[in-house]
Amino acid sequence: MDTPTTPRARDTEAVHAGRDDLARQGLHAPPIDLSTTYPSYDSRGEAARIDAFAATGAEPDGPPVYGRLGNPTVARFEAALARLEGTEAAVAFASGMAALTAVLLARGALGLRHVVAVRPLYGCSDHLLTAGLLGTEVTWTDPAGIADALRPGTGLVLVESPANPTLAEVDLRAVAHACGSVPLLVDNTFATPVLQRPAEQGARLVLHSATKYLGGHGDVLAGVVACDEEFAGRLRQVRFATGGVLHPLAGYLLLRGLATLPVRVRAASASAAELARRLAADPRVARVHYPRIGGAMVAFEVHGDPHEVIRRVRLVTPAVSLGSVDTLIQHPASISHRVVDPGDRRAAGVSDRLLRLSVGLEDVDDLWADLDGALGRRTAATARREETARN
Ligand SMILES: *Cc1c(COP(=O)(O)O)cnc(C)c1O
């Protein structure tokens, strides 16, 4: 893949990265390579390419030997995301959880099974660490406690910022400093590289559930880790051996999604900020969480029954997941964070009254009209709160 000689702005990269060779090939849309295997009459050459991959995990020159080693369409998405995140490489997986699994396996293979993590995390990430399914042992701490929680067998520090679902933010630069030589993984799913590039602040690994904003249309399940080439090599080796590869069609859709990522994130964020303002001023809402860096996610706690809000939305779709062109709402305690122990969940700030809204590209007044209806009638209690708020 060609790399540009002059520096380009992120918006330009979003449209052109991973596609720089196309025009010279007489192509406009990137080709989708569905091959599972790649013919070669030179089996001595293949042996050398396999040896080279086994040694470093570097992408083989020329076509891959087999689809599990790499795919040219997926490689375009990986190259583009690496440029957006400002890293040397990126490695794509079948889902966000497959990506996190590969990171934990890569560290575990070195005997580094201890992980230090800050809550809240996405519910299934929390579950993967807590349940010890991969032999991981986790120490939960707040950002200020990270340095003290590190020990000789610590292989990874894991944070999300803004975190799922409370949108709590951590100071990435300070956390990276506290990690010393232990790799810091930042789950950047909520911010996207449009709002935040953790590698510039000292993170060694930047993880995305690409299912969310990178795909952006609710029709691709994918994960990706952006990092330095050395770590990427280990992740490719784990991916090759364990098989959590991304399908080439998904790679194509993700590359297409990246082209509109900056425009989508900025438009949805403007609506989210406006909805956060209106929710904060509404007496039926107890508390609104909206991150300082902005973004298209809003979390809020209602005075009434959150299940009723979910039942009453009409334009907004009541569904888990986020980052799509359409607006979604869900109740984290029931769905996205159900697998987290209720005590741990509440201690991490995930109240039973919390709702998580992923704002899409609809007209903001239409969204507000739907939320207003879903929040229900102003009861005598809300009228009293309104009265108190005015005085
Ligand atoms: C959804 C999500 C994941 C998991 O990604 P999948 O693609 O669903 O496997 C990880 N981290 C965050 C922050 C998420 O929102």
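FYI, side chains are in, hydrogens and waters are out, and symmetry mates aren't considered; it's all heavy atoms of this structure. Whatever order the structure lists them in is the order used to number ligands and atoms, beginning at 1.
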Arg338 (side chain) donor-acceptor with Ala333 (main chain) under 3.5 angstrom: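 Answer holds: yes.
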Less than 4.5 Å apart, any side-chain heavy atom of Glu88 and any of Glu230?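 No, too far: nothing below the 4.5 Å cut-off.
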May I have every N or O pair linking ligand 1 to the protein at under 3.5 Å, one per line with atom names and distance?
from: ligand 1; atom 1: 5 (O); to: Ser209; atom 2: OG; distance (Å): 2.9
from: ligand 1; atom 1: 7 (O); to: Gly96; atom 2: N; distance (Å): 2.9
from: ligand 1; atom 1: 7 (O); to: Ser209; atom 2: OG; distance (Å): 2.8
from: ligand 1; atom 1: 7 (O); to: Thr211; atom 2: OG1; distance (Å): 2.6
from: ligand 1; atom 1: 9 (O); to: Gly96; atom 2: N; distance (Å): 3.0
from: ligand 1; atom 1: 9 (O); to: Met97; atom 2: N; distance (Å): 2.9
from: ligand 1; atom 1: 11 (N); to: Asp187; atom 2: OD2; distance (Å): 2.7
from: ligand 1; atom 1: 15 (O); to: Asn164; atom 2: ND2; distance (Å): 3.1
from: ligand 1; atom 1: 15 (O); to: Lys212; atom 2: NZ; distance (Å): 2.8

Going through the distances and angles, do Asp228 and Arg234 end up as a salt bridge (charged side-chain N to carboxylate O under 4.0 Å, His left out)? CA-CA 10 Å; Asp228 54 275; Arg234 282 185 236 130; over 6 Å; no
His177 atom NE2: more than 12 heavy-atom contacts under 6.0 Å: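 It does not: His177 NE2 has 12 such atoms or fewer within range.
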If a pair satisfies side chain to side chain donor-acceptor pair (under 3.5 Å) and one of its residues is in residues 157-169, list it, with sequence neighbours excluded.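 Passing the test, one end in residues 157-169: Asn164-Arg356.
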Please determine if Glu13 and Arg8 form a salt bridge, counting it only when a charged side-chain N lies under 4.0 Å from a carboxylate O.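 Looking at Arg8 together with Glu13, the answer is yes, because their closest N to O distance falls below 4.0 Å.
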